[in-house]
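Here it is, the structure in full.
Here is the naming used below: chain letters follow the sequence lines, and residue numbers restart at 1 for every chain. No experiment lies behind these values; they were computed from the predicted model shown.
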Amino acid sequence: MKRYLLSIFHPDGPPPPAPVLDKIMRDVAQVRSDMQTAGVWVFAGGLCPPSTATVLRQRDGQLLTFDGPFAEGKEHLGGFTIIEAPDLDAALAWGRRLALAVTLPVEVRPFQDERPS
Amino acid sequence: MTDASREAIERVFRREYAPTVAVLTRLLGDIDAAEEAVQDAFAAALQHWPKTGIPPSPAAWITTTARHRAIDAHRRAVKGPRFHEQPDAVHAPAAPLNEEASVRDDCLRMIFTCCHPALSADAQVALTLRLVGGLTTGEVARAFFVPEATMAQRLVRAKGKIRDAAIPYRLPVADELPQRLGAVLAVVYLVFNEGHSPSRGAELVRGELCDEALRLAGALAELLPDEPEVIGLRALLLLIDSRRLARVDEAGRPVLLADQDRTLWNARQIATGHDLVRRCLAWNRPGPYQIQAAIQAVHADAPTAARTDWRQILQLYDQLLALAPTPVVAMNRAVAVAELRGPRAALPLLDALPPTGDHRLAAIRAELLRRDGQSEAARAAYDEALARVGNDAERAFLQRRRASL
């Protein structure tokens with residue numbers, strides 16, 4: 001089994017109005033529950049907005065603390081789900097369901113294989 | 001004893017490269033390992049075949065030898081994670097190597113893996129040329145007009161994604177077949193189009209790419225003989241390609257369809273194309289490639305340009321536009337409208353189309369404006385086409401047309 005990170009990209013700006021958001025939350029909960037039933041779900045979480053982020057960066061031998069997200073853009077990582085799947089096609093099938101539920105772009109990316117020690 | 005010179009051995013490996021890599025990819029669970037193993041088998045063949053002659057079934061010899069080499073390599077140095085992943089794959093009992101059906105399925109698996117929608121279109125074409133067509137990396141690089149090192153990198157990256165993201169090596173199930181097959185056919189068509197009308201370079205036709213696309217289309221038709229669109233694509237390519245000799249004059253300049261010497265058309269290809277189109281009609285499951293093939297069949301039927309059945313062509317374009325409402329189809333349909341009802345009926349259709357990246361829309365507009373006697377506007381359209389054209393011979397042609405206004 002391989003692990004895949006399903007990242008959800010949010011556009012910057014305010015969230016959609018409550019009725020829209022409520023439906024999205026219900027749909028996402030359903031996908032999550034289906035993932036758990038299928039035994040593919042590993043972990044998932046939604047993130048607070050990028051304005052709450054803090055960046056630590058080493059510079060001239062010193063570790064400095066910065067306010068703000070690492071990268072500024074028009075979109076940001078809003079949340080993610082980690083699943084286990086036999087191959088990319090299986091992972092993409094779950095990714096598709098998630099993308100339809102959140103109505104936002106979803107990036108499917110494999111984890112590196114853990115090297116045998 | 002068979003002649004087993006180095007050249008003969010190279011020829012055998014070139015012919016058997018794609019099927020043996022396809023079989024070994026299933027056995028070893030990794031494309032790179034399969035390619036390395038076939039490379040090792042080549043070195044072994046260079047040693048043995050000059051003494052023994054080329055074996056009666058070279059593919060089986062290569063696969064068996066390559067598989068043993070891979071197992072040896074695995075035993076000598078357990079390297080990298082890939083064999084940890086699937087040790088069973090290496091030690092699996094020998095597959096029935098001679099079973100044609102099994103090799104056939106592996107070739108199909110490889111095609112669908114190379115044309116997986118998670119890979120970029122460029123990567124799909126490059127992988128298909130290399131792993132399905134059996135072209136060398138250098139040949140694939142020339143197809144793309146990039147240095148060999150660049151293409152090698154691109155192939156490494158694409159194969160890396162197949163391995164790391166675990167793009168599966170399997171046949172699509174029935175309900176995903178149409179979509180997955182569409183991607184495969186698109187890749188073959190893309191290769192053909194780059195051969196038939198090269199987007200860049202000096203040559204007007206790159207015959208080696210047309211030949212490769214025809215080979216791929218033929219192989220697909222053999223692998224999937226009951227898929228109408230597969231047969232339709234093969235018919236389409238055969239019919240378009242039948243005019244290859246007539247499309248270019250002695251000076252390497254393009255000759256328009258209407259001005260071509262039809263005795264130069266390849267009658268054998270046309271006959272095969274017609275047979276395939278008839279087979280498609282009998283299925284009665286029309287698709288874009290089949291309809292385009294039918295349009296080309298109508299052209300092929302016309303003894304002279306003047307006797308072309310444009311009415312039937314326009315009907316087919318109407319059908320095609322309903323199935324595949326793309327600007328390119330609409331553009332080609334407008335040409336048929338111009339032939340039937342004159343340029344003035346067709347020009348508004350062209351004007352309604354979104355601007356395209358290439359020169360064709362502007363070039364067609366220029367020709368229709370010329371026919372309508374609008375020299376000034378035609379000149380401007382030729383200028384626009386010239387600004388977009390990438391192929392040297394096409395550019396020279398457009399310049400001549402513009403100058404002759």
Measuring heavy-atom distances to chain A, does Ala118(B) have an atom under 4.5 Å in its side chain, in its backbone, in both, or in neither?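 Looking at Ala118(B), just its side chain touches chain A.
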Could you name the residues of residues 126-137 of chain B that have a heavy atom within less than 4.5 Å of a heavy atom in chain A?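 Not one residue of residues 126-137 of chain B has a heavy atom under 4.5 Å from chain A.
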Arg109(A) atom CZ, over 12 foreign heavy atoms within 6.0 Å: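 It does not: Arg109(A) CZ has 12 such atoms or fewer within range.
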Heavy-atom pair with the smallest gap, counting every atom of Ala166(B) and Lys2(A):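 So the two residues come closest at CB-CD, 3.2 Å.
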Can you confirm whether Phe70(A) is buried at CZ, in the sense that more than 12 heavy atoms of other residues, nucleotides or ligands lie under 6.0 Å from that atom?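 Counting other residues, nucleotides and ligands, CZ of Phe70(A) stays at 12 neighbours or fewer.
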Which heavy atom in Pro168(B) sits nearest to a heavy atom in Leu88(A), and how many Å separate them?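 Taking Pro168(B) first and Leu88(A) second, the nearest heavy atoms are CD-N, 4.2 Å.
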A quick test of your reading: do over 12 heavy atoms of other residues, nucleotides or ligands sit less than 6.0 Å from CD of Glu107(A)?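 Check passes, neighbour count above 12.
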Taking salt bridge (Lys or Arg N to Asp or Glu O under 4.0 Å) as the test, write out the residues that go with Asp22(A), two or more places apart.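 Residues passing salt bridge (Lys or Arg N to Asp or Glu O under 4.0 Å) with Asp22(A): none at all.
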